[in-house]
Amino acid sequence: MPYIVIDSERCKGCYFCVKYCPRNVIRESTMHNKTGYFPAEFIHEQEDRCTGCKTCAIMCPDTAIEVFK
Amino acid sequence: MNRIFQRPASLLDRPTHFCPGCTHGIAHRLIAEAIDELGIRERTIGIPGVGCCVFLYHYFPIDVLEAPHGRAPACATGMKRAQPDKIIFAYQGDGDMAAIGTSEVIHAANRGENVTVFYINNSVYGMTGGQMAPTTLLGQQTTTSPYGRDFKSEGYPIRMAEMLATLEGVCYSTRVALHTPRHVNQARKAVIKALEMQNAEMGFSVVEMLSTCNTNWRVTPLEAIDMIENEMIPYYPLGVFKERTGKDFL
Ligand SMILES: Cc1ncc(C[n+]2csc(CCOP(=O)(O)OP(=O)(O)O)c2C)c(N)n1
Ligand code: SF4
Ligand code: SF4
């Protein structure tokens, strides 16, 4: 099953990935990281919906997303 | 399970200093991916302009020369002439390239220097706090055009990709945007093509990238994406303005 890993310390919470994920499996976290940003998080309850299309990773300005398939 | 997307080897694993949602980060990654794909890391030298791109040396495991504001194409000229086997790219903002460095880029392009310029058009001077640039859109409010840019006193936004395309020494001039996955994929191809054309010694190549500066536009990153689509692209059309197909020494 494809999945993504978001480096929550590297993420700055721009939410480009949330906007562009065609399967809506990324959301804003309610916990902030050490820098104070609320990072994006993979919705693990729905992880089987991820297709590994890499759209989120392509849009991440901080290269905080890795995609596995 | 394979890792199908990861940081390119030519982009060091360091947090960037860019604002959240600044597409300078995407531009950096695209250039690093192109360097990896073409296998040119050992012979590539980067020259950032002055602006938010100035820490380029901090992110790329390549040699980097810091040029004075706007002078990157002039420095690139000298470096390429001294070491023609190197791949030389300048990376300039719109304040850097289209304001203080207009002369350098025009003459480097007109001489057909065999270098590549990646030009980040975010319509403001980002690093210094969002002052008006030659690229600022009509009506756009900045710290130095608080009532909106007015063509009667400030003139019109300058379209560099089209202007440079008129020069004989230019082999490739294109404008891309970095605000949607589709556009980023197009930009990726343009970056690779520009470096390939330099490798084939075809002349001066320039890739203009419409980029966000949400901090100085005073909007959120997601609103900045809409501004590129709805405000920048109508004035700065995307496309290839010039592409030579063969070596052409006119
Ligand atoms: C000779 C000189 N003049 C002025 C400055 C101040 N300065 C630093 S960055 C900058 C503007 C950069 O804007 P831009 O090229 O659009 O890049 P951005 O920060 O938007 O990416 C200016 C005017 C300088 N460093 N050197
Ligand atoms: S695109 Fe990157 S930096 Fe932006 S919210 Fe997603 S993971 Fe974070
Ligand atoms: S000031 Fe603008 S150009 Fe500079 S890092 Fe922030 S968003 Fe990017």
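Side chains included, hydrogens not; waters and symmetry mates left out as well; all remaining heavy atoms used. Just so we're on the same page: letters track the sequence lines, and every chain starts at 1.
Here B:Arg29 is the residue among B:Arg29, B:His183, B:Glu33, B:His28 with the most heavy-atom pairs under 4.5 Å with chain A. Looking only at heavy-atom pairs under 4.5 Å with chain B, the residue among A:Gly52, A:Ala64, A:Cys60, A:Cys56 that has the most is A:Cys60. Highest contact tally toward chain A, considering only B:Pro8, B:Pro15, B:Gly25, is held by B:Pro15 [criterion: heavy-atom pairs under 4.5 Å].
Looking at A:Lys69, the atoms closer than 4.5 Å to chain B (heavy atoms on both sides) sit in the backbone and in the side chain alike. Looking at A:Phe16, the atoms closer than 4.5 Å to chain B (heavy atoms on both sides) sit in the backbone and in the side chain alike. Contact of B:Asp13 with chain A is made through backbone and side chain together, with heavy-atom distances under 4.5 Å. In this structure, chain B has a heavy atom under 4.5 Å from the backbone of A:Ile65, while its side chain stays farther away. With a threshold of 4.5 angstrom between heavy atoms, B:Leu11 approaches chain A through side-chain atoms but not through N, CA, C or O. With a threshold of 4.5 angstrom between heavy atoms, B:Ile225 approaches chain A through side-chain atoms but not through N, CA, C or O. Proximity to chain A (any heavy atom under 4.5 Å) is shown, for B:Thr180, by both the backbone and the side chain.
In terms of heavy-atom proximity, B:Ser123 sits nearest to B:Thr135 at CA-OG1, 3.4 Å.
Centroid-to-centroid, the aromatic rings of B:Tyr91 and B:Phe118 stay 6.0 Å apart or farther. Between B:Phe55 and B:His24, a ring centre-to-centre spacing not shorter than 6.0 Å is recorded.
For the pair B:Arg159 and B:Tyr235, the cation sits on the ring face: its NZ or CZ lies under 6.0 Å from the ring centre, inside 45° of the axis.
Taking the six-membered ring for Trp and thresholds of 30 and 60 degrees, B:Tyr59 and B:His17 have nearly parallel ring planes, at less than 30 degrees apart.
There is a side-chain donor-acceptor pair under 3.5 Å between B:Thr16 and A:Asp62.
Ion pairing of B:Glu229 with B:Arg182 is absent here, as no side-chain N (NZ or NE/NH1/NH2) approaches a carboxylate O to less than 4.0 Å.
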